[in-house]
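Computed from heavy atoms alone, side chains included, the values below leave out hydrogens, waters and symmetry copies. In this text, all values refer to a predicted model and were calculated from it rather than measured experimentally.
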Amino acid sequence: MKYIKYFETLEEYESWINIEENAEEVYNSEEKICVDGIIISHTNRSFEEVRANDL
C-alpha cells in the first residue's frame, strides 16, 4: 500500500530515513513522504519502468 508519511522539517526526515529499517520499508513499499509540503516518492523500480507506467 502506498501512503504518505509527514515530516515538518528536512532534518526530521533525514534522521528518520537514515535508520536502515525505515529506508528499506520505504524503498520496498514505494511509500510517498511529505517533507515541509514537498512530496517525495521512493521507488525500487528503474526510471524507465516508472516512466513506462506513467504513459
Side-chain angles (χ1 to χ4, degrees):
M1 172 184 228
K2 298 177 186 181
Y3 55 95
I4 296 180
K5 186 176 289 299
Y6 296 91
F7 294 97
E8 293 293 322
T9 65
L10 184 59
E11 292 79 16
E12 183 183 0
Y13 162 74
E14 286 177 337
S15 67
W16 183 85
I17 199 71
N18 284 331
I19 298 171
E20 186 176 344
E21 293 82 22
N22 294 340
E24 188 173 314
E25 175 189 345
V26 169
Y27 180 78
N28 289 329
S29 69
E30 299 183 9
E31 173 183 13
K32 291 180 177 39
I33 296 176
C34 182
V35 181
D36 193 27
I38 298 171
I39 295 179
I40 301 171
S41 181
H42 298 274
T43 182
N44 58 7
R45 295 179 289 158
S46 71
F47 175 78
E48 290 79 14
E49 288 177 295
V50 172
R51 187 74 175 129
N53 288 336
D54 289 344
L55 296 177

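Residues that satisfy the side-chain hydrogen bond (donor to acceptor under 3.5 Å, both in side chains) test with Glu24, not counting sequence neighbours, are absent from this structure.
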Query raised in the report: Run the side chain to side chain contact (heavy atoms under 4.5 Å, CB included) check on Ile33 and Ile39 step by step: do they pass?
Result: CA-CA 5 Å; Ile33 296 176; Ile39 295 179; over 6 Å; no
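Here NZ of Lys5 is found 6.0 Å from CD of Glu25. Values are rounded to the nearest 0.5 Å.
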Identify all side-chain donor-acceptor contacts of residues 8-17 below 3.5 Å with residues at least two apart in sequence or on another chain.
unit_1	atom_1	unit_2	atom_2	d
Thr9	OG1	Glu12	N	3.0
Glu12	OE1	Glu8	N	3.0
Tyr13	OH	His42	NE2	3.0
Ser15	OG	Glu11	O	3.4
Ser15	OG	Glu12	O	3.0

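At least one side-chain heavy atom of Val35 sits less than 4.5 Å from a side-chain heavy atom of Ile40.
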